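Note that the coordinates shown come from a computational prediction; the quantities given were computed from them, not determined experimentally.
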Amino acid sequence: MEASGEFVALARVAAILPSLAPPEVGIGDDAAVVRSPSGWTLLAADTVVAGVHADLDLVGLDDLGWKAVAVNVSDIAAMGGVPSHLLVTIAGPPDTDLDLLYRGIAAAAQAWGCPVVGGDLTNAPTLVVTVAITGSLPGRPILRSGAQAGDGIWVTGPLGLSAAGLRQLQHAGKMAAGAAPTIHCRPRPSVAAGLAARSAGATAMIDVSDGLAADLGHLALASGVGLVVDVIPVGEGATTDEALVGGEDYVLAFTAPSSSVVEDAFAGLPRPIRIGTCVVDPAVRLVLGRPFPDRGGWEHAWR
């Protein structure tokens, strides 16, 4: 059977398009890295679709707007960068409550200091919010491809809370309260954690958007290393399965050679958790002593 799915489709698209000349970075990382007169600029874009990325029976339009910004901020954080500006395009039915939607967008833009400077507005049968973001780099970008055998594997927070929040919302509706539903509705990626990982000498980094198993798999493939994961920091109220494959946590997973330097770099921030080690053999993918799950996080269907 011919391989299919989002990541196979992206590989085909990348083969069609011209590649960038190193050290510029194009398709295949959390954000593109391109030259600018002042040094380097980060570029990323992401889309949230009502009914695909959010159930509007369970979350508000303002939550959808917040999430559209947050997922882009997370991509910049995963490169060790700082978000700068946003462009927002809305396609949706004419009766969409734009004021409520943009209140969520504006709140998130203010939270991360990246103002909306333009975009587009058009009608469509389904609500689609696309955000493009620029970011700056205080040094070299942290790519997915730099991990080395012997590096520790770290995550910057507990996992599974977004998936647990969705489960709780599906059970109790919008009345569900607590940390997990809040994280699902309004994820909070940490730019400060990305900068701390940079200071700690992170060799590779990725945000946990598709699920820990899937995203560590992307990092390992790009770096040509194997993975042995012996700790899963499961968020309160979540299950180990939700932590491994639930996705949309938007914490950072990174690799670094020195535990003491990592601890020093994160002084004053929530302490990251070392969950495993990179190994030489790229065929090794073990989590809690077992092979990584075949099903790993969210993947859109493309042929």
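The shortest side-chain heavy-atom distance between R186 and D62 falls under the 4.5 Å cut-off. No side-chain heavy atom of S190 sits under 4.5 Å from any side-chain heavy atom of T156. Residues D151 and P257 form a side-chain contact, since some pair of their non-hydrogen atoms from C-beta on lies under 4.5 Å apart. Side-chain atoms of L137 and R198, non-hydrogen and from C-beta on, do get closer than 4.5 Å to each other. At a threshold of 4.5 Å between non-hydrogen side-chain atoms, the residues D249 and L212 do not count as touching. Residues N72 and I76 are not in side-chain contact: their nearest non-hydrogen atoms beyond the backbone lie 4.5 Å or more apart. Taking the side chain as every heavy atom from C-beta outward, R167 and H184 never approach each other to under 4.5 Å. The closest side-chain heavy-atom distance from L169 to C185 is below 4.5 Å.
Residue V25 is tested with L42, D30, L43, V33 for a side-chain contact (heavy atoms from CB on, under 4.5 Å); the sole match is V33. Shown are I153, V287, I275, V279; of these, the side-chain contact (heavy atoms from CB on, under 4.5 Å) with V228 is made only by V279.
A search for salt bridge (charged side-chain N to carboxylate O under 4.0 Å, His left out) contacts involving D215 returns nothing, not counting sequence neighbours. Applying the ring-ring contact (aromatic ring centres under 6.0 Å, His included) criterion to F266, with sequence neighbours excluded, gives F254. Taking D75 as the reference, nothing meets the salt bridge (charged side-chain N to carboxylate O under 4.0 Å, His left out) condition, with sequence neighbours excluded.
Applying the side-chain hydrogen bond (donor to acceptor under 3.5 Å, both in side chains) rule to pairs touching residues 255-278 yields T203-T255, S258-S260, S259-R274, R274-T277, sequence neighbours excluded. Applying the side-chain hydrogen bond (donor to acceptor under 3.5 Å, both in side chains) test to residues at least two apart or on different chains, none of the pairs has a partner in residues 93-109.
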For a quick test of your reading: what N or O donor-acceptor pairs under 3.5 Å do the side chains of residues 116-134 make, sequence neighbours left out?
{"from": "N123", "atom 1": "ND2", "to": "G92", "atom 2": "O", "distance (Å)": "3.2"}
{"from": "T130", "atom 1": "OG1", "to": "T47", "atom 2": "OG1", "distance (Å)": "2.9"}
{"from": "T134", "atom 1": "OG1", "to": "H85", "atom 2": "N", "distance (Å)": "3.2"}

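Under the 4.5 Å side-chain heavy-atom criterion for ILVMFWY residues, no single connected hydrophobic cluster contains both M205 and W40. When hydrophobic clusters are built by joining Ile, Leu, Val, Met, Phe, Trp and Tyr residues whose side-chain heavy atoms come closer than 4.5 Å, directly or via intermediates, I232 is not grouped with W154. Placement of V155 and L252 in two distinct hydrophobic clusters is found when ILVMFWY residues are connected by side-chain heavy-atom separations under 4.5 Å, directly or transitively. Cluster annotation: I206 and V229 are assigned to distinct hydrophobic clusters (Ile/Leu/Val/Met/Phe/Trp/Tyr, side-chain heavy-atom contacts under 4.5 Å, transitive). Following chains of ILVMFWY side-chain contacts shorter than 4.5 Å, one can reach L166 starting from L61, so the two form part of one hydrophobic cluster.
If you take CZ on R188 and OG1 on T182, they are separated by 11.0 Å, rounding to the nearest 0.5 Å. One distance of note links CG of L143 with CG of L219; it measures 10.0 Å at 0.5 Å rounding.
S223 contributes a side-chain N or O that, together with a main-chain N or O of R144, makes up a donor-acceptor pair within less than 3.5 Å. The main-chain N or O of V82 is never found under 3.5 Å from a side-chain atom of W112 such that the two would form a donor-acceptor pair.
Within 6.0 Å of CD in E236 there are 12 or fewer heavy atoms belonging to other residues, nucleotides or ligands.
Minimum interatomic distance between V225 and A147 (heavy atoms only, all atoms of both residues): CG1-O, 3.5 Å.
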